[in-house]
Amino acid sequence: MPAFTATAPGKFILFGEHAVVYGEPALAFPVTTIQARANVNALIKGNHGEIYIEAPDISLSAPVMELDPDHPLRAAVSAVLGEKGPGEIPACKIQVTSTIPPASGLGSSAAVSAAIIRALSAFIGQRLSDEQVSHLTFQVEKIHHGTPSGIDNTVIAYQKPVYYLKGEPFQFLSINKPFLILIANSGRPGHTREAVQQVHQYWINDRERYDSVFKSIGRISKKAKELINTGSPVELGPLMDENHSLLQELEVSSPELDRLVKAARKAGALGAKMSGGGMGGNIIALVDEGVDQVIEALNSAGAVNTIISPISAS
Ligand code: PMV
């Protein structure tokens, strides 16, 4: 039986995180320079139903069925098996690696699930469409995040920039002019689940105020889509600054993220904001000239890693 390998990219959210959970649009882009990879090999001497999983990044090596049923790696395998019992598939070993920093708003969990789902389904002779991979990844994301909006699994399964509105068919973004985004890691892990729960609590306590913040973020996403579509990406900078202020108002930023955002702007970035669930994780900055200068300023302000993510016209 041939081996199968699948990869899935990281992602960043350009505009609209958190508000997207409340029905406002958001824009997300794949980051192909970082990726999760799953490799499925048949175990010649194994018995049907023996599925081993190895994930050296988290020091895991175990039979899948010995993991907790809620373990996200087991959940990804179960998503593929569906109604099938494990006994119906040939013995195999799934090796999982990832260069996507975990807990940093770059889609590590969704990418790992998508890679496993794609590779294992191909191994058992049931290649899945992007839509099916996205759907199954979403099921696993619910374990990680509780109430995910669906944006991560969508951008990661389709590997294309998306304009996403919960409950509506998503759209691929059409990009008029290329631009450059710098991603910088604050070194503090992000806490998406907690951030989403905290925002929910605030919203319960004062719906009027938080609905208005979400609407303002939604307006930014809509304007950004138009600019990306037809205008000049340079104009996205001020929108990023505005979106960051609104995320600060939601109290999902952190002193480390705010410091990086400030440093990037001061060094010449056209705009900057935190990205993803927040409370740690990454910031993104729009840069046209002086990329090295902005990277240097970010490093001095405490960034532990930077990634250059060019966005091509499409
Ligand atoms: O932290 P990430 O990359 O999983 O992004 C979370 C984005 C949120 O809007 C905060 C939550 C969601 O499910 O959309």
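Remember, it's 1-based here, ligands and their atoms both numbered in the order they're listed. Position 1 is the first residue of the sequence, and the numbers go up from there.
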Q. CZ of R193: more than 12 outside heavy atoms within 6.0 angstrom?
A. yes

With a cut-off of 3.5 Å and sequence neighbours excluded, list every side-chain donor-acceptor pair involving residues 103-115.
unit_1, atom_1, unit_2, atom_2, d
S104, OG, P101, O, 2.9
S104, OG, N282, ND2, 3.2
S109, OG, E141, OE2, 3.0
S113, OG, S109, O, 3.1

Q: List, ordered by chain and residue number, the protein residues whose closest non-hydrogen atom lies under 4.0 Å from any atom of ligand 1.
A: K11, I13, E17, H18, V20, V21, G105, H145, P148, S149, I151, D152, T192, V196, G276, G277

Q | Distance (rounded to the nearest 0.5 Å) between L250 CG and R209 CZ | A | 8.5 Å

Q) Hey, which of I284, L298, N185 is the one that makes side chain to side chain contact (heavy atoms under 4.5 Å, CB included) with L260? A) L298

Which atom pairs, donor and acceptor, lie under 3.5 Å between side-chain atoms of residues 161-177 and protein residues at least two apart or in another chain?
unit_1, atom_1, unit_2, atom_2, d
Y164, OH, S149, O, 2.6
K166, NZ, V21, O, 2.8
Q171, OE1, K225, NZ, 2.9
N176, ND2, T230, O, 2.9
N176, ND2, G231, O, 3.1

Q | Residue pairs passing the side chain to side chain donor-acceptor pair (under 3.5 Å) test where at least one lies in residues 7-24, sequence neighbours excluded | A | K11-D152, E17-K273, Y22-H200

